[in-house]
Protein chains: 2
Amino acid sequence: MRDAALKLFARDGYAAVSMRQIASEIGVQAGALYLYTADKQSLLFDLMNGHMEALLAAWADTVPPQGDAITRLEHFARFHIRFHAARADAVFIAYMELRNLSDENFAVIEDLRRRYEAELARILEQGQAEGCLTVPDIKLATMALIAMLTGVNTWFREGGRLSRDRVEDIYVDMVLKAAGAARAGTPTG
Amino acid sequence: MRDAALKLFARDGYAAVSMRQIASEIGVQAGALYLYTADKQSLLFDLMNGHMEALLAAWADTVPPQGDAITRLEHFARFHIRFHAARADAVFIAYMELRNLSDENFAVIEDLRRRYEAELARILEQGQAEGCLTVPDIKLATMALIAMLTGVNTWFREGGRLSRDRVEDIYVDMVLKAAGAARAGTPTG
DNA sequence: GGTTGAATTGAACGGTCGTTCAGTGACAAT
DNA sequence: ATTGTCACTGAACGACCGTTCAATTCAACC
C-alpha cells in the first residue's frame with residue numbers, strides 16, 4: 001500500500017489522489033485500506049516520516065571520514081545526492097506535500113528536517129573554525145547548499161548526458177567552491 | 001479573481017482549492033467566475049503563464065551592466081532574488097503546480113522556463129570564454145545556481161534576522177564562488 | 001465437518017467537486 | 001416607459017470524495 005501511495009502521490013499530488021485509486025493500484029477495494037491506515041492523512045504522514053527517519057538513520061550510519069571539514073563537506077554532499085537520487089518519489093513528496101499535513105504532523109516533519117540541516121551546519125561551522133571553509137553566514141549557506149543539492153532531483157534522469165557519478169563530482173565541486181573551500185578545484189574529465 | 005486564486009492556490013494547492021472558495025474570497029457566487037475564465041485549469045495556466053511572461057519581460061527590461069561576465073552574473077543573481085522575493089506566491093505556484101497543467105499548457109510553461117534558464121547559461125558561457133568564470137558544466141551549473149537562488153523563497157521572510165539586501169549580498173557571494181569567479185571574496189558586514 | 005477469526009467486499013453515508021444555465025436585477029440607451 | 005445589455009445568482013447536474021460497516025469469503029484449526 002505504501003508503495004502504491006508513494007508512486008501516486010508523487011505523480012499526481014496528495015490532494016488529487018483518491019483512496020479508491022490507491023486501492024485499485026494494488027488490486028483491492030477502498031475499504032480494505034483502512035485495515036492498514038487510520039486515514040488518508042496518516043498515510044501521507046507515514047510516508048514522509050519514514051523518509052525523514054530513513055534519511056537521518058542513513059546519515060548516522062555513514063562513517064565520517066578522517067580529515068578536515070572540507071573532506072566532511074564533500075562526504076555530506078555525496079551522501080545527500082546519492083540518498084536523494086535513490087528515492088526521487090519520496091523526496092518529491094517530502095518537499096511538496098508539507099502543506100497537506102495536519103499541524104502536529106507538520107511539526108514532527110519540520111523537526112526532522114531541522115535536525116538534518118543541523119548536520120550540514122555543524123560541518124560548515126567546523127570548517128569556519130578550522131579556517132578551511134569561508135561562508136558568509138552559516139544558516140544561509142546551509143539552506144543554499146541543500147537547495148542546490150536537492151535541486152539535482154528536479155532534472156536528473158538516469159541514462160542522460162551525464163552519469164550519476166559525474167553529476168555527483170560536478171556538484172561536489174560547486175558545493176566546495178560555494179563554501180569557499182581552500183583547496184577547491186574544477187574536476188577534469 | 002486572479003489575486004484571490006493566486007493567494008489560495010499558493011496556500012492550499014491547486015487541487016485543494018475549490019471554485020466556490022475562490023468565489024467566496026472575492027464575495028461572489030461560483031458561477032460568476034465562469035464569466036472570466038473558461039475553467040479552473042485555464043485559471044491556473046493564466047497565473048503561471050503571466051508569471052513567466054512577466055519574469056522574462058522584466059529581465060529583458062533590465063539594462064545589462066558594462067563589464068565582464070562576473071558583473072553580469074552578479075546582475076542576474078540580484079535580479080533573480082529581487083524578482084522572486086517580490087512574488088512569493090506566484091513563484092511557489094509556478095514550481096509546485098506544474099503537474100496540474102494539461103500537457104499542452106505544461107509545454108508552454110516549460111518552454112518559458114527554458115528560455116529563462118538560457119539567459120543564465122549564456123552568461124556562464126561568456127564567462128567561461130572570457131576566462132573569468134570556471135564552471136565544470138554549463139548546464140549543471142545553470143540548474144544548480146537557479147535552484148540555490150530560488151531556494152531563498154522557501155525560508156526568507158521580511159523582518160527576520162537578515163535584511164533583504166544582506167541576504168542578496170550573501171547569495172551573490174556564494175553564486176560567484178560556485179561559478180569559480182576569479183575575483184570572488186566574502187562580503188564583510 | 002463444523003467453528004472460529006481475520007481479510008476483504010460492496011454498498012451506502014453525507015459531502016463537496018467543477019460546471020451549466022434559466023432567471024433576476026440594476027443600469028444605460030432610446 | 002420601454003427596451004436591451006450585462007453581471008450575477010442560486011439551484012441543479014452527475015460525478016467523485018473519505019470513511020464506515022454489515023455481510024461475505026476463505027483458510028486454519030478442532
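Below, chain A is the first sequence line, B the second, and so on; all start at residue 1.
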Undergrad: Return the value, rounded to whole Å, for the distance between atom OH of Tyr36(B) and atom C1' of dT9(D).
TA: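 The distance from OH of Tyr36(B) to C1' of dT9(D) comes to 13 Å, rounded to the nearest Å.
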Undergrad: Can you tell which of dG18(D), dA7(C), dC17(C) lies closest to the side chain of Ser18(B)?
TA: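 For Ser18(B), the side-chain atoms sit closest to dC17(C).
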Undergrad: Figure out the CE/P separation between Met19(A) and dT19(D), and round it to whole Å.
TA: 6 Å
Undergrad: Counting only side-chain heavy atoms from C-beta out, which of dT19(D), dA7(D), dT20(C) sits nearest to Asp39(A)?
TA: dT19(D)
Undergrad: Can you measure Leu33(A) atom CG to dC21(D) atom P for me and round it to whole angstrom units?
TA: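 Nearest whole value for this atom pair: 17 Å.
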Undergrad: Starting at atom CG of Leu35(A), determine the distance to atom C1' of dT25(D), rounded to an integer number of angstrom.
TA: 14 Å
Undergrad: Whole angstroms only, please: what is the CG-P distance between Leu43(A) and dT19(D)?
TA: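 Value for this atom pair: 10 Å.
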Undergrad: Starting at atom CG of Asn100(B), determine the distance to atom P of dG18(C), rounded to an integer number of angstrom.
TA: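 It is 12 Å, rounded to the nearest whole Å.
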Undergrad: Going by number, which of residues 1-16 of chain B have a non-hydrogen atom under 4.0 Å from DNA chain D?
TA: none
Undergrad: Nearest 0.5 angstrom please: Phe45(B) CZ to Ile109(B) CD1, how far?
TA: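 Going from CZ on Phe45(B) over to CD1 on Ile109(B), the span is 5.0 Å.
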Undergrad: Please determine if Arg113(B) forms a cation-pi arrangement with Tyr95(B), meaning its NZ or CZ atom is less than 6.0 Å from the six-membered ring centre and no more than 45° off the ring axis.
TA: yes
Undergrad: Would you say that Asp68(A) contacts Thr71(A) through its side chain, given a criterion of any heavy-atom pair below 4.5 Å between the two side chains?
TA: yes
Undergrad: If you measure from CE on Met19(B) to OH on Tyr34(B), what distance do you get to the nearest 0.5 Å?
TA: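 Rounded to the nearest 0.5 Å, the CE-OH separation comes to 3.5 Å.
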Undergrad: Can you tell me how far CE of Met148(A) sits from OG1 of Thr150(B), rounded to the nearest 0.5 angstrom?
TA: 13.0 Å
Undergrad: So does Glu74(A) pair up with Arg78(A), basic N to acidic O under 4.0 Å?
TA: yes
Undergrad: So, Glu97(A) side chain and Ala10(A) main chain: donor-acceptor pair closer than 3.5 Å or not?
TA: no
Undergrad: Within this structure, what is the CG-CZ distance for the pair Asn100(B) and Phe9(B), rounded to the nearest 0.5 Å?
TA: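 That separation rounds to 9.0 Å.
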Undergrad: Would you jot down, in residue-number order, the residues of residues 20-32 of chain A having a non-hydrogen atom under 4.0 Å from DNA chain C?
TA: Arg20(A), Val28(A), Gln29(A), Gly31(A), Ala32(A)
Undergrad: So, taking the atom named CG in Leu47(B) and the one named CE in Met1(B), what distance separates them when rounded to the nearest 0.5 Å?
TA: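 If we round to the nearest 0.5 Å, Leu47(B):CG and Met1(B):CE are 8.5 Å apart.
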